[in-house]
2 protein chains.
Amino acid sequence: MRVNFSKEDFNVAIATSVVLYGFDGDDLKILIAEKAGEPFAGAHILPSSVVHINEDPEDVAIELMRRITGSADWPIEILNAFAEVYRNPEGRVVNVAYYGTLQLNETLSQDLLRSEYKWVKVNDIPPLAFDHNKIVDYSRERLKRRVKRRPIGFSLLPKEFTMNQIQRLYECALGRDLDKRNFRRKLLKSELLLETDHFVRSSAKARRPSALYKFDEKKYRSLTLRGYDFVYQ
Amino acid sequence: MRVNFSKEDFNVAIATSVVLYGFDGDDLKILIAEKAGEPFAGAHILPSSVVHINEDPEDVAIELMRRITGSADWPIEILNAFAEVYRNPEGRVVNVAYYGTLQLNETLSQDLLRSEYKWVKVNDIPPLAFDHNKIVDYSRERLKRRVKRRPIGFSLLPKEFTMNQIQRLYECALGRDLDKRNFRRKLLKSELLLETDHFVRSSAKARRPSALYKFDEKKYRSLTLRGYDFVYQ
DNA sequence: ACAAAAGTGTTACACTTACACCCATGT
DNA sequence: ACATGGGTGTAAGTGTAACACTTTTGT
């Protein structure tokens with residue numbers, strides 16, 4: 001074992017990138033930015049930040065989300081370290097990547113429109129600089145797994161949502177269509193949902209309004225931690 | 001976004017640690033070492049290595065396994081980066097951790113006995129230096145998931161093995177008892193096993209010999225990649 | 001014959017999947 | 001009245017879990 005560091009070993013930098021998912025009712029999207037400064041000026045990248053020598057990457061990732069969205073209160077989870085040798089031409093950089101989920105609402109959408117960030121559909125992601133496409137792919141696999149096994153999907157939905165919205169979200173995350181009746185039955189059986197007495201019309205052309213549901217926060221939290229096997233292979 | 005590195009940011013070192021699993025027929029074990037040199041001289045640690053500035057952590061981890069076991073040919077998978085600020089008193093060190101599985105046999109066991117490493121049962125792991133206990137816990141969760149969803153368990157077994165051995169291995173990995181009849185039925189249905197015409201007696205006291213099985217390597221590989229849902233919740 | 005571990009089947013229940021029509025409402 | 005999307009039930013098949021006794025063999 002080589003367990004003793006020499007001075008030359010301390011010549012690596014840490015960065016963090018965040019894959020931030022949002023769902024607008026129709027499509028699952030992630031946030032991307034344009035890079036300022038060389039290398040790769042103008043290229044598309046994930047929201048990213050240098051992690052200074054005395055900082056925790058998770059704290060920096062949370063702060064990054066706060067700067068982007070105005071709130072630090074979104075669920076976040078580490079993805080992995082991306083640490084190959086030649087991923088950054090400036091020097092050896094280890095990227096500790098995270099992914100997070102947020103609830104898109106009008107205000108946030110508007111604020112983001114005026115920012116340096118933009119939403120792109122997960123099925124329509126442009127080439128990104130560094131190995132950021134690899135990080136995105138990795139995060140999509142993770143999201144797929146999470147959606148299957150934990151009620152994580154709800155963190156992308158507004159407080160109250162229709163069955164069709166949540167089904168559409170699951171279809172986006174899993175990349176395939178689901179049967180409406182089976183989906184509803186399964187979700188209701190989980191007892192994670194509470195009915196509200198609210199309704200919305202899903203579009204101008206829609207006639208009959210949809211019932212709105214919210215989730216049972218207590219149940220939600222316990223199932224988020226221990227998994228609940230909402231199994232779709 | 002802070003995307004421009006300054007000179008001071010390049011002051012981090014990379015290390016890698018490997019959680020190396022072996023199964024001796026009765027117990028699932030991992031390899032630990034005693035640390036040479038300060039800090040923590042004499043403390044128990046995971047097999048670990050500095051990753052020099054021009055090296056890929058995975059290559060270093062594989063080389064570490066080769067130095068320990070004499071072979072670089074064991075399955076290995078990245079766990080995560082462990083990158084908190086104060087994990088190493090020598091300076092900022094990011095640990096890119098891996099776990100691997102190997103087939104314990106007599107020769108390898110004897111070689112390892114004469115080395116600086118020793119096997120400890122996964123239910124009996126001593127306090128380790130740095131945050132290595134955290135890495136071990138993380139790897140056990142990963143192994144549990146893998147065992148449930150992929151035929152990864154076989155990489156811990158000898159070429160030919162009995163049903164009782166593989167059941168015991170699954171019980172160790174999952175941390176609970178399994179029903180013998182259900183286990184066999186499930187495993188045979190997967191069509192992953194081939195009968196051999198060999199038998200062994202499992203102990204001196206055992207009378208009736210056990211049938212030995214091997215796995216269908218072609219099927220094994222395809223199922224390892226795409227998962228096969230050997231589901232035990 | 002006995003001790004020891006190997007090996008074997010059935011049943012009840014839960015879950016999954018496939019499938020098509022009526023309902024409520026606004027215009 | 002009609003157009004639109006919302007909402008509902010059943011049946012067949014598959015998988016899971018719980019359960020105890022017989023078989024084979026060496027001593």
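None of the values given here were measured: they were computed from a predicted structure. Below, read A as the first sequence line, B as the second, and so on, with proteins coming before strands; counting in each chain starts at 1. Note that these values count all heavy atoms, side chains included, but never hydrogens, waters or copies made by symmetry.
- Pairs of residues two or more places apart, or lying in two chains, that qualify as ring-ring contact (aromatic ring centres under 6.0 Å, His included) and include a residue from residues 57-82 of chain B are B:F82-B:Y138.
- Atom NZ in A:K186 sits about 18 Å away from atom P in D:dT8, given to the nearest Å.
- Residues B:Y21 and B:S139 bring a donor and an acceptor atom of their side chains to less than 3.5 Å of each other.
- By the 4.0 Å N-to-carboxylate-O rule, B:R67 lies close enough to B:E63 to be salt-bridged with it.
- Here the P atom of nucleotide D:dG7 and the CZ atom of A:R201 are 14 Å apart, to the nearest Å.
- The nearest whole Å value for the distance from the CZ atom in B:F183 to the P atom in D:dG15 is 18 Å.
- When all heavy atoms of A:N133 and A:L128 are compared, the closest pair comes out as OD1-N, 2.6 Å.
- Taking 4.0 Å as the cut-off between side-chain N and carboxylate O, B:R168 and B:D27 count as a salt-bridged pair.
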Practice problem: Could you encode protein contacts along nucleotides 5-11 of chain C as a string, one character per nucleotide from 5' to 3', using B for base contact, S for sugar-phosphate-only contact and - for no contact, with a heavy-atom cut-off of under 4.0 Å? | Solution: SBBBBB-
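- Rounded to whole Å, the distance from CG on B:L178 to P on D:dA18 is 11 Å.
- Taking a cutoff of 4.0 Å between a charged side-chain nitrogen and a carboxylate oxygen, A:E217 and A:R221 qualify as a salt bridge.
- Atoms CZ (A:R168) and P (D:dG6) sit 13 Å apart, rounded to a whole Å.
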